[in-house]
Amino acid sequence: QVHLVESGGGLVQAGGSLRLSCAASGRSFSSYTMGWFRQAPGKEREFVAALSWSGGSIYYADSVKGRFTISRDNAKNTVYLQMNSLKPEDTAVYYCAAVLRTFWSESLMRSGNFYDYWGQGTQVTVSS
C-alpha cells in the first residue's frame, strides 16, 4: 500500500515552468513504477510520463516530449515532473500514479489501468 500526495501546481503564464512533486508514503517506494497523468475539463484522462522502478525505462506523451522531464528521488520517496515551456493546452489536473509490478512494458506504462494507486491531483493552469 502506498499513499500519494501531489504538490507544486499553480497558475503560470505560457512559456513558464513548474515542477510538480509526488510524495509517497509506505514501504518499498524504490520498487514502484511511477506515472503522471492529466485530465483537462471535459476531456478524458491522458498519459503524460512514466518512469520504471529501475529508472531504466522512461516514456513521454508526444505532446510533452522535450518540454517535460520525469525523475525520482528514492531517498525522499518522491517523483517529480519538471514542466518547461508550458502551453495553455497543458492546463489540467495532474495526477501521480504508482504500481508495484515485476514486469512492465511501454504500452502498460502508458495505460492508466496499469496503476494501482493514485494521488488526489494538483491543478495546473497556463494562461496565454
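Residues take their numbers from the sequence shown, with the count starting at 1. No hydrogens, no waters, no symmetry mates; every other heavy atom, side chains included, goes into these values.
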Exercise. Is Y59 reachable from Y95 through a run of hydrophobic residues whose side-chain heavy atoms are each under 4.5 Å from the next?
Worked result: yes
For this session: Could you state whether L18 and L11 fall into the same hydrophobic cluster, counting links through intermediate Ile, Leu, Val, Met, Phe, Trp or Tyr residues with side-chain heavy atoms under 4.5 angstrom apart?
Result: no
Seminar exercise, completed: Contacts of Q39 meeting side-chain hydrogen bond (donor to acceptor under 3.5 Å, both in side chains) (sequence neighbours excluded), chain-then-number -> none
Seminar exercise, completed: Sequence neighbours excluded, the answer for side-chain hydrogen bond (donor to acceptor under 3.5 Å, both in side chains) partners of S105 is S107
For this session: Mind checking the CG-CE spacing from L51 to M109? Nearest 0.5 Å is all I need.
Result: 6.5 Å
For this session: Any chance you could measure W36, atom CH2, to Y94, atom OH, to the nearest 0.5 Å?
Result: 10.0 Å
Exercise. Aromatic ring centroids of Y60 and F47 under 6.0 Å?
Worked result: no
Quick one: closest heavy-atom pair of [X] and [Y], and the distance?
X    : Y   : value
T122 : G8  : OG1-N, 4.3 Å
A92  : R38 : CB-CB, 3.8 Å
G9   : L20 : N-CD2, 3.6 Å
S128 : A14 : CA-CB, 4.4 Å

For this session: Spell out, as yes or no, whether a donor-acceptor pair under 3.5 Å connects the side chain of Y115 to the backbone of C96.
Result: no
Problem set entry | Whether T91 side chain and V126 backbone form a donor-acceptor pair below 3.5 Å | yes
For this session: Check the pair F37, E46 against side chain to side chain contact (heavy atoms under 4.5 Å, CB included), reporting the backbone distance first and the verdict last.
Result: CA-CA 6 Å; F37 290 77; E46 66 173 356; over 6 Å; no
For this session: Taking the side chain as every heavy atom from C-beta outward, state whether V12 and T125 have any pair of such atoms under 4.5 Å apart.
Result: no
Exercise. So do the side chains of W118 and E6 get within less than 4.5 Å of each other, counting heavy atoms only?
Worked result: no
Donor-acceptor pairs under 3.5 angstrom involving side-chain atoms of residues 65-86: please list them, not counting sequence neighbours.
residue : atom : partner : partner atom : Å
K65     : NZ   : D62     : OD1          : 3.3
R67     : NH1  : S85     : O            : 2.9
R67     : NH1  : D90     : OD2          : 2.7
R67     : NH2  : S63     : O            : 2.8
R67     : NH2  : D90     : OD1          : 3.0
R67     : NH2  : D90     : OD2          : 3.4
R72     : NE   : N74     : OD1          : 2.9
R72     : NH1  : Y32     : O            : 2.8
R72     : NH1  : S52     : O            : 3.2
R72     : NH2  : F29     : O            : 2.9
R72     : NH2  : Y32     : O            : 2.9
D73     : OD1  : A75     : N            : 3.1
D73     : OD1  : K76     : N            : 3.4
N77     : ND2  : A24     : O            : 3.4
T78     : OG1  : K76     : O            : 2.8
Q82     : NE2  : N84     : OD1          : 2.9
N84     : OD1  : S17     : OG           : 2.9

For this session: Please check if any side-chain donor atom of S30 sits under 3.5 Å from a side-chain acceptor atom of W53, or the reverse.
Result: no
For this session: Dump the intermediate steps for side chain to side chain contact (heavy atoms under 4.5 Å, CB included) on Y117 and H3, then the final yes or no.
Result: CA-CA 7 Å; Y117 305 102; H3 182 59; over 6 Å; no
Problem set entry | Residues R101, F114; criterion side chain to side chain contact (heavy atoms under 4.5 Å, CB included); working and verdict | CA-CA 9 Å; R101 293 282 191 277; F114 182 57; 3.9 Å; yes
